[in-house]
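Taking it in order: structure first as structure tokens, then the write-up.
These values consider heavy atoms only, across backbone and side chains, with no hydrogens, waters or symmetry-generated copies.
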Amino acid sequence: MTEAVLLVGGKGTRLRPLTVNTPKPMVPAAGVPFLAHQLARLKSAGVDHVVLATSYLAEVFEPYFGDGSALGLRLTYVTEAEPLGTGGAIRSAADALTSAPAEPVLVLNGDILTGLDIAHLVERHEAAQAAVTLHLTRVEDPRAFGLVPTDETGRVLAFTEKPTSPAEIVTDQINAGCYVFRREVIDAIPTGRPVSVERETFPGLLADGAHLQGVVDRTYWLDLGRPDAFVQASADLVQGVVASAAMPGEPGPYLVLPGAKVAAGAKLGGGTVVGAGAEVAEGAVVEGSVLLDGARVADGAWIGDSLIGAGARIGARTVVDGAVVGDGARVGADNELRKGVRVWCDTRLPDASVRFSADC
């Protein structure tokens with residue numbers, strides 16, 4: 001069985017306030033922590049041992065997932081006292097691995113939702129006898145990603161991490177955040193200092209003549225680094241656009257978790273999730289959104305493409321469109337929040353006090 005390392009130590013700064021109290025991989029998507037979907041995919045691919053490389057709010061993971069036996073996995077937790085970059089996190093996990101030097105080890109970023117056939121990626125890696133194999137995908141605008149051009153056989157030619165000029169955009173193929181390493185390559189990553197696999201390890205391997213293979217896959221792929229992407233990922237999971245064995249229910253237009261209350265006259269759709277203990281009142285509309293546990297939406301409110309944090313309150317007739325309301329916040333009646341607005345945890349907004357979008 002192939003082992004895997006999941007990189008779940010990031011602070012999730014771009015997702016705040018969602019990540020003030022919760023590490024990004026533990027924010028619920030489609031009713032369960034996003035990490036549960038990744039673990040389910042690894043299990044289905046034949047992985048039996050996963051090392052979780054944690055750092056930020058590391059104490060949250062193990063109480064939820066335990067030793068992994070309930071998932072049919074063996075989980076090991078490794079915590080960095082100080083963030084050491086992607087390479088440093090991978091290297092810190094090496095002592096928990098049992099693979100032999102030439103055996104494959106999967107490494108996945110903790111914020112990517114994908115329909116990739118992981119087992120097939122490992123097969124391609126072994127067939128190519130590569131030092132590292134990278135999952136690549138194509139995007140229309142690659143400027144925010146690491147570019148990875150390949151030759152006609154898939155062999156990696158170069159790495160350009162987040163190009164800064166048009167001349168640097170030599171391909172639309174990007175690093176999709178899933179790798180297969182030969183174990184001995186992981187062991188060779190320096191210890192005791194920050195290391196970036198994207199900026200140091202991979203370019204260094206190329207310079208030394210190592211074989212790095214790229215596998216372009218055009219199945220579903222989404223980087224959950226922004227709130228709008230996270231909300232979209234949850235909705236896509238609920239509606240079955242991308243499958244997950246961790247989904248607590250059948251795919252459909254919405255998911256209502258046990259203990260939630262939805263009034264008969266309320267309307268849900270677009271892959272909405274209503275968390276445990278959450279309430280949606282008469283006449284409210286919730287479309288393509290995530291209501292975390294204990295959130296409450298009052299009568300006549302309209303919520304679209306938004307995330308409402310745990311225990312937050314949305315007042316009557318308030319509109320929340322493409323926004324994030326943090327845990328425990330109180331948004332009074334007759335407010336309007338649009339286009340990227342973020343309301344911090346425990347904030348209090350009085351009735352009819354805000355008509356605002358992030359474009360203002």
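Of the possible polar contacts, none joining the Glu103 side chain to the Glu3 backbone as a donor-acceptor pair under 3.5 Å is found. No donor-acceptor pair closer than 3.5 Å links the side chain of Ser306 to the backbone N or O of Ile303. In this structure a side-chain-to-backbone donor-acceptor pair under 3.5 Å is missing from Arg124 to Ala119. Listed for the Gln38 side chain is a donor-acceptor partner under 3.5 Å among the backbone atoms of Asn109. A donor-acceptor distance shorter than 3.5 angstrom exists from the side chain of Asp351 to the backbone of Ala333, with no hydrogens or angles considered. Panel note: side chain Trp221, backbone Ala176; a donor-acceptor pair is recorded below 3.5 Å. Of the possible polar contacts, none joining the Asp111 side chain to the Gly225 backbone as a donor-acceptor pair under 3.5 Å is found. Put simply, the side chain of Arg182 gets close to the backbone of Ala130: a donor and an acceptor are under 3.5 Å apart. Checking side-chain atoms of Arg91 against main-chain N and O of Thr191 turns up no donor-acceptor pair under 3.5 Å. A donor-acceptor pair under 3.5 Å links the side-chain atoms of Asp117 to the main chain of His120, judged by distance alone.
No path of Ile, Leu, Val, Met, Phe, Trp and Tyr side chains, each step under 4.5 Å between heavy atoms, connects Val215 with Tyr179, placing them in separate hydrophobic clusters. The hydrophobic clustering, which links ILVMFWY residues whose side-chain heavy atoms are closer than 4.5 Å, places Val354 and Val320 together. By the rule that hydrophobic residues join a cluster once side-chain heavy atoms approach within less than 4.5 Å of another member, Tyr64 and Phe61 end up as members of one cluster. In the hydrophobic clustering of ILVMFWY residues, with side-chain heavy atoms under 4.5 Å counting as a link, Leu57 and Leu84 come out apart. Both Val156 and Val216 sit in one connected hydrophobic cluster of ILVMFWY residues. Membership requires side-chain heavy atoms under 4.5 Å apart, directly or through other members.
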Exercise for the section: Quick one: do Thr150 and Gln173 satisfy side chain to side chain donor-acceptor pair (under 3.5 Å)? Show the steps, please. Expected result: CA-CA 9 Å; Thr150 56; Gln173 294 178 178; 3.2 Å; yes
Practice task
Could you go through the side chain to side chain donor-acceptor pair (under 3.5 Å) check for Thr98 and His49 one step at a time?
Solution key: CA-CA 9 Å; Thr98 60; His49 179 215; 4.8 Å; no
Handout entry: CA sep, side-chain torsions, deciding dist, call: Ile112, Leu224, side chain to side chain contact (heavy atoms under 4.5 Å, CB included)
Key = CA-CA 6 Å; Ile112 301 295; Leu224 276 62; 6.0 Å; no
Problem - side chain to side chain contact (heavy atoms under 4.5 Å, CB included) between Val325 and Ile308, worked out - result: CA-CA 5 Å; Val325 177; Ile308 310 301; 3.9 Å; yes
Handout entry: CA sep, side-chain torsions, deciding dist, call: His211, Gln129, side chain to side chain contact (heavy atoms under 4.5 Å, CB included)
Key = CA-CA 8 Å; His211 180 179; Gln129 297 183 329; 5.6 Å; no
Problem - Derivation of the side chain to side chain contact (heavy atoms under 4.5 Å, CB included) call for Thr133 and Leu212 - result: CA-CA 6 Å; Thr133 296; Leu212 275 66; over 6 Å; no
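Taking NE2 from His135 and NE2 from His125, the interatomic distance works out to 16.0 Å, rounded to the nearest 0.5 Å. One distance of note links CG of Leu337 with CG of Leu349; it measures 6.5 Å at 0.5 Å rounding. The distance from atom CG of Asp141 to atom CD1 of Ile174, rounded to the nearest 0.5 Å, is 10.0 Å. Interatomic distance, CG of Asp217 versus CG of Leu121, reported as 8.5 Å (0.5 Å rounding). Of the inter-residue distances, the one linking Ser55 atom OG with Glu82 atom CD reads 9.0 Å to the nearest 0.5 angstrom.
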Contacts under 3.5 angstrom, residues 266-284 side chains, donor-acceptor by atom type, not counting sequence neighbours:
residue, atom, partner, partner atom, Å
Thr272, OG1, Gly269, O, 2.8
Thr272, OG1, Val286, O, 3.1
Thr272, OG1, Gly288, N, 3.0
Thr272, OG1, Ser289, N, 3.2
Glu282, OE1, Gly265, N, 3.4
Glu282, OE2, Gly265, N, 3.3

I'd like a table of donor-acceptor pairs (distance under 3.5 Å, sequence neighbours excluded) in which one partner is a side-chain atom from residues 231-240, with atom names and distances.
residue, atom, partner, partner atom, Å
Ser234, OG, Ala30, N, 2.8
Asp236, OD2, Tyr220, OH, 2.7
Gln239, NE2, Ala235, O, 3.2

Can you give the donor-acceptor pairs under 3.5 Å from side chains of residues 6-21 to other protein atoms, not counting sequence neighbours?
residue, atom, partner, partner atom, Å
Thr19, OG1, Gly12, O, 2.8
Asn21, ND2, Asp327, OD2, 3.2

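Within a 6.0 Å sphere centred on CZ of Phe65, other residues, nucleotides and ligands contribute more than 12 heavy atoms. Enclosure of atom CD in Glu59 by more than 12 non-hydrogen atoms of other residues, nucleotides or ligands within 6.0 angstrom is indicated.
Between Phe34 and His37, the ring-plane angle classifies as tilted under the 30° and 60° cut-offs.
The shortest heavy-atom contact between Pro104 and Val180 is CB-CG1, 3.6 Å. Contact between Val5 and Ala53 at its shortest, heavy atoms only, is CG1-CB, 4.4 Å.
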